[in-house]
Amino acid sequence: MTTESELVRAGQTYLYPNYRQPPFVFVRGQGSLLFDGSGKRYLDMYAGIAVSTLGHAHPKLAQAIAEQAGKLLHVSNYFYNEPNVRLAEKLCGLSGMDRAFFCNSGTEAIEATLKLTRRHFFSKGEAERQRVIAFRNSFHGRTLGALAATGQEKYKDGFGPLPGVSHVGFGDIDAVRRAMGPDVAGILVEPLQGEGGVLPAPPGFLRELRALADASGALLLADEVQTGIGRTGTFLAFQGEGVQPDVVALAKALGGGVPIGAMLCRKFLQEALPPGSHGSTFGGNPLASAAALAVLEVLENEGLMVQVKQRGEELSALLAKLAAKFPKLVECARGRGLLQALVLREGVDARKVMGSLQEAGVLLTIAGGQALRFSPPLIVSKLELEEAAAILERALSTYA
Ligand SMILES: Cc1ncc(COP(=O)(O)O)c(C=O)c1O
C-alpha cells in the first residue's frame, strides 16, 4: 500500500508546482472535519475555499451523486437533461433571475458574464460600449478576461497585455461616477470582496451602483462566486441589500464540491448570446446538476440560511472577542454570515499563524495578505466554531 509520505513525494515530483501544499494528504472528511493519512483530525473552517456547502460526506449529496452516476453522467448541451432543466428553474426562482447558463467554475461564469455584456451591446448596435468598470482589490478569476477584471496586480504579473478594464476604489461611489461614460457596458462587483481580504461593500454602495448603471444604460454584474448560495445568510448577498443585478455569476458552493458554475441573467439579456456564440462541453452536465439540486434542496428544506445568520452572529462575537484581547496583533474582525475574517496587523506573519493553526488542527485560509478567513461549511456547529476560536486564541497567545 502507498504510504502518505510516498504520496507526498510523488505529488512533489509529478504535480505542476504552482501551489504550496503541506506534506500530508487528506483521505476523508465527515461534516466539518477532515482527516489526513495519519488519522489526524482537522476542523475545516475553510470548506475548500468556500465550496463544501454541506460539509464532507453529506448523505443526501452523496446519494444524489451516486444515483445520478448510475443513471446518466453526460449528454452535452446538444440535448436537454432533467437535473439541469430542474436546476435552471430552481436557480431562477431563488435568485429572481430569468435564465441560466451553466459552466464549470467561477472563472468561466465571469467569462460568460463579460462575453454576454459585450455581445448584448453589439447586438443592440452599440458595439463601442465595451468598457467594464471593476474594483481595486477584487478577484474575478484566472482566464485572460476574468484576470483583466481582477483588481490585484499580483495575479496579473507577467500575463499582460490584458483587455482594458477601469479599476476604481471599492466603495468609492464618486470614483465610479467619474469613471462612467457612454462607452461603459457594465459594472462588475463582488458584494463582499473575498480574496481581497473579506471586505463587505459599504452600506448603500450596491444600491448606488444600481442607480448609476440605470442612469447610463450599463449593466450591473454581480460576482457572487464566493458570496452566493447562502454564505452571507441570504441566497445572494445582493438580496441582503435589496438590490437586483442584471447578471449573477455563481460557482464554488453551488455543487457542494462537484465543479459547476452558472451565469444567471434577466430576461432582456436572453438574446445576447444566440446559439453557437458561447458554450461549454461539460457545462450543465447531469452529474453536477444533480449535485447542485441536492445542495439547494438541503439549503431550503433544512433552513440552512437561517442557521447561517445565527452561526454568523456567533462567529462575529468570537472574532470580536479575539480582536479585543489581542489589539497589538489584530487590526479588526469583519465579514458577514459565514464569510468572516480576523485581520492581522501589518508585520504579523499571517502565514506563520496559519501554519501553527494547521499544526493544531484548524484549517483557515489567508485573504488579502493579512486576513485569516473563516469560510466553513454552512452546516458548521456552534461548538465547532468555539473550538476553532479557542485554538486560534491559543495560537495568538504565543505571538503576543
Ligand atoms: C469572487 C470570485 N470570483 C471568481 C473566482 C474564480 O472562481 P474559480 O476559482 O472557480 O475559477 C473566485 C475564486 O476564488 C472568486 O472568489
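Just follow the structure's listing: the first ligand is 1, and inside any ligand the first atom is 1. Note that the structure is predicted; figures quoted are calculated from it, not measured.
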Taking [atom] as the reference point, the nearest protein heavy atom with its distance:
atom	value
atom 9 (O) of ligand 1	T107 OG1, 4.4 Å
atom 16 (O) of ligand 1	Q226 NE2, 2.8 Å
atom 10 (O) of ligand 1	G106 N, 2.8 Å

Donor-acceptor under 3.5 Å (N137 side chain, G197 main chain):
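Not confirmed, N137 side chain does not pair with G197 backbone.
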Side chains of [X] and [Y]: do they bring a donor and an acceptor to under 3.5 Å?
X	Y	value
S316	E313	no
R373	T365	yes
E108	N104	yes
S356	E359	no

Atom CG of D174 with >12 non-hydrogen neighbours under 6.0 angstrom:
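Atom CG in D174 is packed in, count exceeds 12.
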How about NZ on K328, more than 12 heavy atoms from neighbouring residues, nucleotides or ligands closer than 6.0 Å, or not?
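No, NZ of K328 has 12 or fewer neighbouring heavy atoms, counting only those of other groups under 6.0 Å.
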Would you call I49 a ligand 1 contact, heavy-atom distance under 4.0 Å?
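Contact check I49 vs ligand 1: negative.
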Of L364, L34, L33, V380, which meets side-chain contact (heavy atoms from CB on, under 4.5 Å) against D44?
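In the set L364, L34, L33, V380, the residue that makes a side-chain contact (heavy atoms from CB on, under 4.5 Å) with D44 is L34.
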Consider every N or O of [X] and every N or O of ligand 1, then say whether any pair is closer than 3.5 Å.
X	value
A251	no
K252	yes
E108	no

Ligand-side contact atoms (ligand 1) for residue partner [X], heavy atom cut-off under 4.0 Å:
X	result
E190	1 (C)
V225	2 (C), 3 (N), 4 (C), 5 (C), 7 (O), 12 (C), 15 (C)
D223	1 (C), 2 (C), 3 (N), 4 (C)

Structural part of E195 in contact with ligand 1, heavy atom criterion under 4.0 angstrom
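It is the side chain that gets close, since no backbone atom is under 4.0 Å.
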